[in-house]
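All remarks here apply to the structure that follows.
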Amino acid sequence: MVFVLGLAAVVLALVASVVTIGAQSSFRGMAIAAVAVSILSVVGVLASQAYYQSIISDAFGVSKDEMGQRPSAITSESGPPAGEASPSANPSEPDAGTANRPFPLGTTASMGPDYEVTVVAVKLDATAEVLAVNRFNGPPEGQYVLVQLQVRYVGVGEGNPWIDLSPTFVGSDARQYDAHECNAVLAQAAMEVPTLENGGKATYQVCMDVPVGATDGARIFVERRLSFSDKARAYWALS
């Protein structure tokens, strides 16, 4: 939005410069200055965007292209090569792992260059189980949904799944529910997962507080936090 406003300022400043110069107006100096300032503002926007992108890439160890990379299923040795999605018999069929063609539970998806993620199991009504973990766990507004994830870090540095990855429940009410809406203590809490190095694996749970009746036909997706692209999401069906 700021970039668009900057371009509009450049255009208006150029028009004002042409008009004032042609009319020999005493304001032509101000118009020329407006052109220079508006051009500098556009350059500043582009530079700041590049700078913030480099910070995010350095912090999370992924490039802009990798952030928008479509997750793909990790298959067995008898199937397609690891990291490639199974080919569709119908070219018009959506890619596997997308919202319209989610993976089945238990499928392992490659999430960019750093993680392999599996949604192992989902318990749609886990309220009693979650409340039994800790006596201070309060009742949900709807019902607790408990999701079990398994991750493997395959990057070159180190990773913290609870920071790097964001699982989200998509209800049949067309609303999204993430783990931040569940403040309950879990038996396998994500924050208790240690930092992983290359080849390190972990299994942990996340929960969501979902309205009763919004679980039929629901889906789960996992994405890199701050991915800025829904193409980087991997979806799993719950039935």
For Glu197, does the CD atom have more than 12 heavy-atom neighbours from other residues, nucleotides or ligands under 6.0 Å away? no
Taking ring pair (Phe, Tyr, Trp, His ring centres under 6.0 Å) as the criterion, tell me which of Tyr177, Phe169, Tyr235, Phe103 meets it with Phe221. Tyr235
CD (Glu93) and OG1 (Thr98) are apart, to the nearest 0.5 Å, by 9.0 Å
Asn198 side-chain N/O to Gly155 backbone N/O, donor-acceptor pair under 3.5 Å: yes
Looking at Asp164, is its backbone amide N or carbonyl O close enough to the side chain of Arg225 to form a donor-acceptor pair, meaning the two atoms are under 3.5 Å apart? no
How far does CD of Gln148 sit from OG1 of Thr203, to the nearest 0.5 angstrom? 6.0 Å
Same cluster or not: are Trp162 and Val151 linked, directly or through other Ile, Leu, Val, Met, Phe, Trp or Tyr residues, by side-chain heavy atoms under 4.5 angstrom apart? no
Decide whether Thr195 and Asn160 meet the rule of one side-chain donor and one side-chain acceptor closer than 3.5 Å. yes
Check the hydrophobic clustering (I, L, V, M, F, W, Y; side-chain heavy atoms under 4.5 Å; chains of links allowed) and say if Val147 and Trp236 are grouped together. yes
Measure the CZ-CE distance between Arg152 and Met111 for me, rounded to the nearest 0.5 Å. 15.5 Å
Quick one: CD on Gln176 to CD on Glu181, what's the gap to the nearest 0.5 Å? 10.0 Å
Hey, what do you get for CG (Asp216) to CG (Leu124), rounding to the nearest 0.5 Å? 8.0 Å
Between CZ on residue Arg233 and OG1 on residue Thr168, distance to nearest 0.5 Å: 7.0 Å
Result for side chain to side chain contact (heavy atoms under 4.5 Å, CB included) between Val122 and one of Leu146, Thr215, Leu105, Leu149 points to Leu105
Counting N and O atoms only, with roles assigned by atom type, does the side chain of Asn137 sit under 3.5 Å from a partner on the main chain of Val185, one being a donor and the other an acceptor? yes
Are Val117 and Tyr204 connected, step by step, through hydrophobic side chains (Ile, Leu, Val, Met, Phe, Trp, Tyr) whose heavy atoms are closer than 4.5 Å? yes
Group every Ile, Leu, Val, Met, Phe, Trp and Tyr by side-chain heavy-atom contacts under 4.5 Å, then state whether Val119 and Val130 land in the same group. no
Test of understanding: clusters of I, L, V, M, F, W, Y form through side-chain heavy atoms closer than 4.5 Å, transitively. Do Tyr115 and Val222 belong to the same one? yes
Heavy-atom donor-acceptor pair, Asp114 side chain to Tyr153 backbone, under 3.5 Å: no
